[in-house]
Amino acid sequence: MQSDTIISLILAVPIGIITGLYSGFIVSRYIRFSDLRNQLIRIIRSIEYIQEENYVAIQNDQDVAKIPLIASDLFFLKHKNAGEIVTKLRSSIDQMKILAASGQIDVLAYDDSYKQWQTIVNNLTPNRAVLLSFWSRL
């Protein structure tokens, strides 16, 4: 009986180490994706806007320039769908800024887009195949 226990232990230790490392990789990949998503939501939430007489004044939007970097990180990590969504999001933010500055929209229309951007970011999902892959990037 004692030799069976030793054999089980010898077999269980490497399997435990391998599964522990694998689950650690999965968690670290998800945390990396989640961190990028959190950076993006902070950038959007930091945008300030108010209605002026003829236009919507937008302030504190300098971090919007970092959005392509986040999209690039998502593409590098092979979250292609999320990267494409973030790229389109940046275009939408730029388009709304132009419309707001030229007085073509009011603060309510900008606010609707602002809420939609946050919803889009909160609904970003990682590529599950990448998360579960053995040889994916961290």
What pairs of residues pass the side-chain hydrogen bond (donor to acceptor under 3.5 Å, both in side chains) test when at least one of them lies in residues 12-25, not counting sequence neighbours? none
To the closest 0.5 Å, what do you measure between CZ (R37) and OG1 (T125)? 8.5 Å
At what distance, to the nearest 0.5 angstrom, does OG of S72 lie from CG of L36? 10.5 Å
ring-ring contact (aromatic ring centres under 6.0 Å, His included) contacts in which one or both residues fall within residues 83-105, not counting sequence neighbours: none
Between A71 and G83, what is the shortest heavy-atom contact and its length? CB-O, 3.9 Å
Pairs in or reaching into residues 90-115: which pass salt bridge (charged side-chain N to carboxylate O under 4.0 Å, His left out), with residues at least two apart or in two chains? D61-K97, R90-D94, D111-K115
What residues, two or more places apart in sequence or in another chain, satisfy ring-ring contact (aromatic ring centres under 6.0 Å, His included) together with F33? H79
Using side chain to side chain contact (heavy atoms under 4.5 Å, CB included), reason through N127 and N81 one step at a time and then give a plain yes or no. CA-CA 8 Å; N127 181 343; N81 187 41; over 6 Å; no
Heavy atoms, side chains only, cut-off 4.5 Å: are I70 and I43 in contact? yes
Donor-acceptor contact present, side-chain S92 to main-chain K88, <3.5 Å: no
Run D35 and R32 through side chain to side chain contact (heavy atoms under 4.5 Å, CB included) and show every step you take. CA-CA 5 Å; D35 181 49; R32 178 74 172 120; 4.1 Å; yes
Side-chain heavy atoms of Y49 within contact of Q59, under 4.5 Å: no
Are L124 and F75 connected in a single hydrophobic cluster, I mean Ile/Leu/Val/Met/Phe/Trp/Tyr linked by side-chain heavy atoms less than 4.5 Å apart? no
Just to verify, what does I105 make a side chain to side chain contact (heavy atoms under 4.5 Å, CB included) with, not counting sequence neighbours? M96, L99, A100, A109, Y110
Using a 4.5 Å cut-off on heavy atoms from C-beta on, say whether the side chain of I50 contacts that of E52. yes
Could you grab the distance from atom OG of S46 to atom CD1 of I41, nearest 0.5 Å is fine? 10.0 Å
Y114, V86: one ILVMFWY side-chain cluster at the under-4.5 Å cut-off? yes
Please list, chain by chain and in numerical order, all residues satisfying side-chain hydrogen bond (donor to acceptor under 3.5 Å, both in side chains) with N60, sequence neighbours excluded. Q62
Non-hydrogen atoms of S28 and F25 that approach each other most closely: OG-O, 2.9 Å
Could you pull out all residues at least two apart from Y30 that satisfy ring-ring contact (aromatic ring centres under 6.0 Å, His included)? none
Tell me whether R29 contacts the main-chain N or O of S133 through its side chain, where contact means a donor paired with an acceptor under 3.5 Å. yes
Hey, what do you get for CG (N123) to CD1 (I85), rounding to the nearest 0.5 Å? 9.0 Å
Spell out, yes or no, whether I18 and I26 are grouped together once hydrophobic residues are joined by side-chain heavy atoms under 4.5 Å, including indirect joins. no
Distance check, rounded to the nearest 0.5 Å: Q39 atom CD versus D73 atom CG? 7.5 Å
According to side-chain hydrogen bond (donor to acceptor under 3.5 Å, both in side chains), who are the partners of E84, at least two apart in sequence or on a separate chain? none
Group every Ile, Leu, Val, Met, Phe, Trp and Tyr by side-chain heavy-atom contacts under 4.5 Å, then state whether F76 and L89 land in the same group. yes
Could you walk me through whether D63 and R42 pass the salt bridge (charged side-chain N to carboxylate O under 4.0 Å, His left out) check? CA-CA 9 Å; D63 286 340; R42 276 192 296 274; over 6 Å; no
Checking A101 now: which residues fulfil side chain to side chain contact (heavy atoms under 4.5 Å, CB included) with it, not counting sequence neighbours? none
For L9, enumerate each residue passing the side chain to side chain contact (heavy atoms under 4.5 Å, CB included) test, keeping only those at least two apart in sequence or located in another chain. V13
Are any non-hydrogen side-chain atoms of V64 and I47 less than 4.5 angstrom apart? yes
V27: side chain to side chain contact (heavy atoms under 4.5 Å, CB included) partners, not counting sequence neighbours: I31
By side-chain hydrogen bond (donor to acceptor under 3.5 Å, both in side chains), which residues pair with R45, not counting sequence neighbours? Q118
